[in-house]
Undergrad: 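The structure follows.
All figures in this text were calculated on a predicted structure; none of them were measured in a lab.
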Number of protein chains: 2
Amino acid sequence: MNQVIDTILNHRSIRSYLDKELPEEHLELLVRCAQKAPSSNNGQPVTIIAVTDKAKKAQLSELCGNQAFIAEAGVFFAFCIDFYRGKLACEKTNNEFYITDELSATVIGTFDAGLAMQNMIVAAESLGYGTVPIGGILNDSHAVIKLLEIPDYVFPICGLVVGFPKEQSAVKPRLPLKAVFNREKYDMNQRIYIDEYDEVMTKYMEERTNGESRRNWSETISRVYRVKGRRSIKQAMENQKFYNR
Amino acid sequence: MNQVIDTILNHRSIRSYLDKELPEEHLELLVRCAQKAPSSNNGQPVTIIAVTDKAKKAQLSELCGNQAFIAEAGVFFAFCIDFYRGKLACEKTNNEFYITDELSATVIGTFDAGLAMQNMIVAAESLGYGTVPIGGILNDSHAVIKLLEIPDYVFPICGLVVGFPKEQSAVKPRLPLKAVFNREKYDMNQRIYIDEYDEVMTKYMEERTNGESRRNWSETISRVYRVKGRRSIKQAMENQKFYNR
């Protein structure tokens, strides 16, 4: 098709890296790409903290659920929702600052951070790097915030590891396209699509584990979605002055 | 550099479109690209409703803040956070379904929707299309939900217009790179960077408006962030059974 589409369609998460740093100009280029993503009202509520220090990466690796590859990979980017700049802008112009009292700051900031991260992922993969988002940054927000000296009105929402892949991984099958691609209105036949996908995933797991696991998507995801209070994001955000009312 | 990086760095929002449909295979390809973005725990909590029907696009155009170009452009994609499939998976496996009671569902879904949308934006622009995200989909969630027949546990979080550009637009300057690219820890010198950026934006606005406006970033964004209750996202989400506790 073209390099962009090929890069996107060839995506897979990499969880095995060489212990090797990225050249400085690539770090900068990747953040430039992230920064070019659209942003609501040009608010640009995203700050990216690049961690390359080995000791700090090792600490993050522990904090994000003991994922050892985080310490090995070249760089860990902490993507933060950032309304501290908005607060300063309101102070500078003698305006009240209200947005972080409401859920809308979280929604806007989180969405814009997602846009920014995906630009970085696609750019990094086009340069031959492997990547994987680290949702585990939400496991212990307090410790991450302390480690990275993050102020009020800023919240680390997702990490991204970028590095030189040691091993390739397989492309995991996705839900049938018709499940996520609806036309003109929402398609209520989702249970049929889930059943189809569960069969695909059963076969995929069987092959990947030499018959040891046949766990399908419904079984896997329901173990995540049934858990109460898995992460106290609300409290962690309140500590940073995001009130989500 | 390469086509991926060039496409990303050359991004601008397009708000003027030819009244012309996209070929069917491109609609599908764009959604395939969006679907390839990473997703937390492979939950894939994103559904994309493509609206090409002219009457429906016109209604969305009104609902999203009377932005006429929405009706003109080839397609409006409503990106929805979707935990309805997660609910069905829990029912199928006899598990409790809890995640939408907590803020984490909103954070995860919104972030994953952002990742997905940016893949679509980059893919669309690589094919020569113009794009612009439509945050105005949050202005009247209830009406959008009704129009697109969206069920509980699903919430339209952002729209995306894709079409054939009628006019090009300028690339808007962004915050200084050092503001958003921090190293090892958060950089507290943000006020200095804002002052720099405000000067850049004053000049940019002066040029773009032939001297009519000199409004800088701080002035513009504080008018957005000072408003209380601009959008009742929390209530709208509760109506769809997202409780954000």
Side-chain angles (χ1 to χ4, degrees), chain A residues 2-5 7-8 11 31 33 35-38 40-41 43-44 47 49-50 53 85-86 88-90 92-93 95-96 98-99 103-104 107 110-111 114-115 118-119 123 126 133 135 148-150 174-175 180-186 190-191 218-219 221-222 224-226 228 231 233-234, chain B residues 2-5 7-8 11 31 33 35-36 38 40-41 43-44 47 49-50 53 85-86 88-90 92-93 95-96 98-99 103-104 107 110-111 114-115 118-119 123 126 133 135 148-150 174-175 180-186 190-191 194 218-219 221-222 224-226 228 231 233-234:
Chain A
N2 66 42
Q3 195 203 352
V4 173
I5 308 236
T7 302
I8 287 171
H11 166 77
V31 178
C33 286
Q35 199 191 9
K36 279 297 296 178
S40 179
N41 291 105
Q44 303 177 63
T47 293
I49 305 175
D53 177 77
R85 281 189 292 269
L88 292 175
C90 286
K92 184 174 172 177
T93 57
N95 277 297
E96 269 195 88
Y98 194 76
I99 190 153
L103 183 59
S104 58
V107 164
T110 302
F111 194 79
L115 296 175
Q118 192 58 29
N119 256 3
S126 82
L148 303 180
E149 300 177 37
I150 292 171
R174 292 287 160 108
L175 283 161
V180 304
F181 182 23
N182 294 183
R183 305 300 295 261
E184 310 300 335
K185 65 186 182 77
Y186 191 83
Q190 297 291 341
R191 174 60 195 259
S218 290
E219 287 160 348
I221 204 62
S222 59
V224 180
Y225 290 173
R226 74 187 177 189
K228 291 187 193 186
R231 287 163 174 165
I233 300 182
K234 188 148 196 295
Chain B
N2 67 43
Q3 195 203 351
V4 173
I5 310 245
T7 302
I8 288 172
H11 166 77
V31 179
C33 286
Q35 198 193 11
K36 277 297 296 180
S40 180
N41 290 105
Q44 303 176 64
T47 293
I49 305 175
D53 177 77
R85 282 188 290 268
L88 293 175
C90 285
K92 183 173 172 176
T93 56
N95 277 297
E96 268 194 88
Y98 194 76
I99 191 152
L103 183 57
S104 58
V107 164
T110 302
F111 194 80
L115 296 174
Q118 192 58 29
N119 256 2
S126 82
L148 303 180
E149 300 175 38
I150 291 171
R174 292 288 159 109
L175 282 161
V180 305
F181 182 23
N182 294 184
R183 306 299 294 260
E184 310 300 336
K185 64 186 182 79
Y186 191 83
Q190 297 291 341
R191 174 59 196 259
I194 290 171
S218 291
E219 287 159 352
I221 204 63
S222 59
V224 181
Y225 291 173
R226 73 185 178 192
K228 291 185 193 187
R231 286 163 176 164
I233 300 181
K234 188 151 196 295

Undergrad: Do Lys185(B) and Asp53(A) have side chains that approach each other closer than 4.5 Å (heavy atoms only, starting at C-beta)?
TA: no
Undergrad: If you count heavy-atom pairs under 4.5 Å with chain A, which of Arg85(B), Gln190(B), Glu149(B) comes out on top?
TA: Arg85(B)
Undergrad: Give the minimum heavy-atom separation between Ser126(A) and Asn2(B), together with the two atoms involved.
TA: OG-ND2, 3.0 Å
Undergrad: Among Ile221(A), Leu148(A), Asn119(A), Thr7(A), which residue forms the greatest number of heavy-atom pairs with chain B at distances under 4.5 Å?
TA: Asn119(A)
Undergrad: Between Glu96(A), Lys228(A), Arg231(A), which residue shows the highest count of heavy-atom pairs closer than 4.5 Å to chain B?
TA: Lys228(A)
Undergrad: Top residue by heavy-atom pair count (under 4.5 Å) with chain B, among Ile233(A), Leu103(A), Ile8(A), Thr93(A)?
TA: Ile8(A)
Undergrad: Between the side chain of Gln35(A) and the main-chain N/O of Phe181(B), is any donor-acceptor distance below 3.5 Å?
TA: no
Undergrad: What option among Arg183(A), Arg191(A), His11(A), Arg174(A) has the most heavy-atom pairs under 4.5 Å with chain B?
TA: Arg174(A)
Undergrad: Would you say the side-chain atoms of Gln3(A) pair up with the backbone N or O of Gln3(B), donor to acceptor, closer than 3.5 Å?
TA: yes
Undergrad: Atom OH in Tyr98(A), atom OH in Tyr225(B): separation rounded to 0.5 Å?
TA: 16.0 Å
Undergrad: Please determine whether side chain to side chain contact (heavy atoms under 4.5 Å, CB included) holds for the pair Tyr186(A) and Thr47(B), giving the CA-CA distance in whole Å, both sets of side-chain angles, and the decisive distance to 0.1 Å.
TA: CA-CA 8 Å; Tyr186(A) 191 83; Thr47(B) 293; 3.9 Å; yes
Undergrad: Select, from Ser104(B), Gly135(B), Cys33(B), the one with the greatest count of heavy-atom pairs under 4.5 Å involving chain A.
TA: Cys33(B)
Undergrad: I'd like to know which of Pro38(A), Ser40(A), Ala123(A) tops the heavy-atom pair count under 4.5 Å against chain B.
TA: Pro38(A)
Undergrad: For chain B, which of Leu115(A), Ile150(A), Val107(A), Val31(A) has the most heavy-atom pairs under 4.5 Å?
TA: Leu115(A)
